[in-house]
Q: 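The structure that follows is given in the form of C-alpha cells.
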Amino acid sequence: MAPTNGTRILDALDEEGLEAFPAARHLEGTTRFVLAALDQAAALSDFSMSMARLDGPEPILRLCLERIAGLLPFDSMGLMLVDEADSSFRFALCEPEAALPELQAYADARIEDGCFAFALREKRAVLSPMCSGGSRRLLHVLTTASRTRGMFVAELGETADGISEVTLSILSIILNNTAQALESHYLYRRIQDMNQALEEKVARLAASEGELRVIRDDQERLIEEKTSEIKNAMARLKDEVRSRKKAEALLEALNQRLETKVEVRTKALFRKVAEMEAANRQLKQLERLKSGFLSSVSHELRTPLTSIMGFAKLIEKDFQKFFTPGPGDNLQPKAERILRNLDIVEKESERLTRLINDVLDLSRIESGKMLWRDEILDVMDVTADAVMAVEGRLENRPDVRLRLDLPLSLPAVYADRDRIHQVLINLLDNAIKFTQEGHVLVEAGVDERGMLVVCVEDTGPGISPEETEKIFDKFHQHDRKDTLKDKPKGTGLGLAICRHIVEHYGGRIWVEPGQDGGSVFSFTLPVHRPS
C-alpha cells in the first residue's frame, strides 16, 4: 500500500525527536491507526470491484480472506457457507488448512451453547469473551438484506492487543461485500441457468413448429374424414331410431301379453304355495306320528327282544352243559353249528337293542322330550371313562394302539355326563371298528375362540370329501371299501345322535382327513364360566 501524506508527515516528525513526549507518542499511534483505517476504507472500493469481476465462490472467498489477513493478525480463519440442501453450515475455505479441525470444533461448540445463533441475529462481530469457551476467537455472519450466506470464524494471534470498533466495522464491510458477491454470483448462475433453459425451449419450439404444421394438416384431413363418417353415422342412426321405434311398439305388445301370463302364473303359484303349506302341515303331523310310532314300537320291541336274548343265552348254556356230544361223535358238527347259530342270535339281538336305543334317543331329542341332566363335568374324567369302556374291543386288534393325549388341566363344561359319554363312545367305537393297524388317539384342548375341543383320530382308510357332511345324516351307512367285510353294520344313527347332542350345547362336530391317513372326528363344547 502506498504511503499517504499523513504518514509522510508523521515520519518527518519522528525524525525530529518526538520520542521525548509521551502524549505525542500516543497521538502518533492513534494517528497512524486512523490513517491505516482510512487506507483500508479507501481500498474497499477496489475490493468491491474485484469481487464483481470474480467467477465462482472459491475465488471470492480467497480474496475475502486475503483482505481480512491484511486487516487483523489472525492465526487462523475460515469461511463457512450455508448448504442449500439442508440449511447447515459447512467450511468452504480455511487458512491455514491444518487449523480446520480446531475451527470446526469451536464452531460446533458455539452452535451447542447458542453463541452461533446469537452471532446470526446480531449481524456483527461477536468476540469470544461474549460467549463461553476461549478468549481470542471471533464470529461474524456473512449476510445480505434477504439471505444469510455463511459465517466467518477466526482466531486472533498472540500479538494482537485489542480490536478497535473501526477495525470491526471494516471487517463487517468486507464480509458484507463478500456476502453480496456470493449472492450476486448465485443470482447470476440462476439467471444463466434460466436463460439456457429458455434458449432450449425456444429451440425446441422452433424445431417443433414444422412438426406442428404437419400435425395440423393431418388433423384437418382427419377432421374431414371424421366429419364424413359422422354424417354417415347420423344417417344410420336415423334408420336405427326408426327401427327402434318399431321394436318398442312390438315390445310393448309383448309386455302386455307377458303381464297377462304372469298374472295367470302368479295365481297358479299361490295355489301351489297353499298346497305346499297344507302338505307341510301334513308332513309335520306325519313326523309327529312317526316319532310317536317309533317310540311306541321301540318300547314294545324291548320286552320280546330281552326275552329272546335271555332264552338264547339260556339255551346255549344248557346245550353246552347237557347236550354237547363228545369228541368223535357224529353229532359234533351239528352241535357246533347250533352253537354258532345261537351266537348269531345273541349278536343280532344286541345290534337290534342298540338300534332301538338309538331310535328312542333320536326320537326323544327331535321331539324335545329328552331329559338333560346337566352338571359341571370334568372332561378328563369323562374321556378316561370312555377310553376304559372301549379298551376290551381291542383284544382282537393286536396291531392297534389306543392312546390318550390330554393336557395337565382342561376347563370344565356344563352338560349331561351320560350324553357326552355317549358321544365319546360312538366316536371311539367307529374309530376302532375301521382301524386294522396303527393307532386311535384321543386329544383335547382349547381353541382360539375359547371353546373346548375334543378330537378322536384313527389310521383307518379315511372318508372321501363328498361324504364328510352326509356321514352325520340319519341312517347313513358309510362304506369304507373292503373294511366292512365280516363286520356287523351299525344303525346309521350314532353320528346323527352325536351331532344333535353337541349342537344342543352350542357346539359343532365335524370330520377331517388325518395327517397319516385315516380320519379325525372333532367336536367343540362351550367352556363353563361360573356367573
Q: Looking at Q192, I'd like to know if its CD atom is crowded, meaning that more than 12 non-hydrogen atoms belonging to other residues, nucleotides or ligands lie closer than 6.0 Å.
A: yes
Q: I want to check something: taking the side chain as every heavy atom from C-beta on, are H421 and D385 in contact at a cut-off of under 4.5 Å?
A: yes
Q: Would you call the rings of H504 and W372 parallel, tilted or perpendicular if under 30° counts as parallel and over 60° as perpendicular?
A: parallel
Q: Identify each donor-acceptor pair in which a side-chain atom of residues 253-280 lies under 3.5 Å from a protein atom, sequence neighbours left out, and give them as a table.
A:
from : atom 1 : to   : atom 2 : distance (Å)
N255 : ND2    : L251 : O      : 3.4
T260 : OG1    : Q256 : O      : 3.0
T266 : OG1    : V262 : O      : 2.6

Q: Can you name the side-chain hydrogen bond (donor to acceptor under 3.5 Å, both in side chains) partners of R204, sequence neighbours left out?
A: none
Q: For a 4.5 angstrom cut-off between non-hydrogen side-chain atoms, does K231 reach M234?
A: no
Q: Flag the pair D239 and R236 as a salt bridge only when some basic side-chain nitrogen lies within less than 4.0 angstrom of an acidic carboxylate oxygen.
A: no
Q: List the residues meeting side-chain hydrogen bond (donor to acceptor under 3.5 Å, both in side chains) with D108, not counting sequence neighbours, and say none if there are none.
A: Q104
Q: Would you mind reporting whether Y186 and R147 have side-chain heavy atoms less than 4.5 Å apart?
A: yes
Q: Please say whether more than 12 non-hydrogen atoms of neighbouring residues, nucleotides or ligands are located less than 6.0 Å from CD in E503.
A: yes
Q: As a quick check of understanding, evaluate side-chain contact (heavy atoms from CB on, under 4.5 Å) for L402 and E391, giving each step before the final call.
A: CA-CA 8 Å; L402 180 59; E391 280 182 339; 3.9 Å; yes
Q: Can L182 and L81 be said to form a side-chain contact (heavy atoms from CB on, under 4.5 Å), step by step?
A: CA-CA 10 Å; L182 292 172; L81 295 183; 3.8 Å; yes
Q: Can you find a pair of side-chain heavy atoms, one from L103 and one from C94, that are under 4.5 Å apart?
A: yes
Q: Considering only heavy atoms from C-beta outward, does the side chain of F472 approach that of I509 to under 4.5 Å?
A: yes
Q: Would you please test L427 and L495 for side-chain contact (heavy atoms from CB on, under 4.5 Å) and show each step?
A: CA-CA 8 Å; L427 296 181; L495 292 178; 3.8 Å; yes
Q: Please check if the side chain of T459 supplies one atom and the backbone of H439 the other of a donor-acceptor pair under 3.5 Å.
A: yes
Q: Should we say atom CD of E97 is surrounded by more than 12 heavy atoms from elsewhere, each under 6.0 Å from it?
A: no
Q: With a 6.0 Å cut-off (strictly less than), is the heavy-atom count around CZ of R244, excluding the residue itself, greater than 12?
A: no
Q: Any side-chain heavy-atom pair from M451 and P526 closer than 4.5 angstrom?
A: yes
Q: Quick check against the 3.5 Å criterion: does T524 have a side-chain atom that pairs as donor or acceptor with the backbone of R508?
A: yes
Q: Does E467 form a salt bridge (Lys or Arg N to Asp or Glu O under 4.0 Å) with K470? I'd like the steps, not just the answer.
A: CA-CA 5 Å; E467 280 198 280; K470 296 179 182 179; over 6 Å; no
Q: For the pair D416 (side chain) and R373 (backbone), establish whether a donor and an acceptor sit closer than 3.5 Å, ignoring hydrogens and angles.
A: yes
Q: State, to 0.1 Å, how close S519 and G462 come at their nearest heavy-atom pair, and which atoms those are.
A: OG-CA, 3.4 Å
Q: Please tell me if the side chains of V153 and M80 come closer than 4.5 Å, counting only heavy atoms from C-beta onward.
A: yes
Q: Give me the one residue out of I463, L428, V454 that meets side-chain contact (heavy atoms from CB on, under 4.5 Å) with F521.
A: I463
Q: Quick one: does V453's side chain get under 4.5 Å of V446's, heavy atoms only?
A: no
Q: If the threshold is 4.0 Å, N to carboxylate O, is there a salt bridge linking R417 and D381?
A: yes
Q: Within a reach of under 6.0 Å around CD of Q515, are more than 12 heavy atoms found that belong to other residues, nucleotides or ligands?
A: no
Q: Under the side-chain contact (heavy atoms from CB on, under 4.5 Å) test against L404, which residue among V387, L441, V440 passes?
A: V387
Q: Quick check: does any side chain N or O of N195 sit under 3.5 Å from a backbone N or O of I191, one acting as donor and the other as acceptor?
A: yes
Q: Is there a side-chain contact (heavy atoms from CB on, under 4.5 Å) between F89 and L120 once you walk through the steps?
A: CA-CA 12 Å; F89 285 79; L120 289 175; 3.9 Å; yes
Q: Under the side-chain hydrogen bond (donor to acceptor under 3.5 Å, both in side chains) rule, what do R216 and Q219 come out as? Steps first, then yes or no, please.
A: CA-CA 5 Å; R216 185 186 61 188; Q219 291 291 336; over 6 Å; no
Q: Distance-only, no hydrogens or angles: does the R397 side chain make a donor-acceptor pair with backbone N or O of I432 under 3.5 Å?
A: yes
Q: Does Y505 have its ring centroid less than 6.0 Å away from the ring centroid of Y414?
A: no
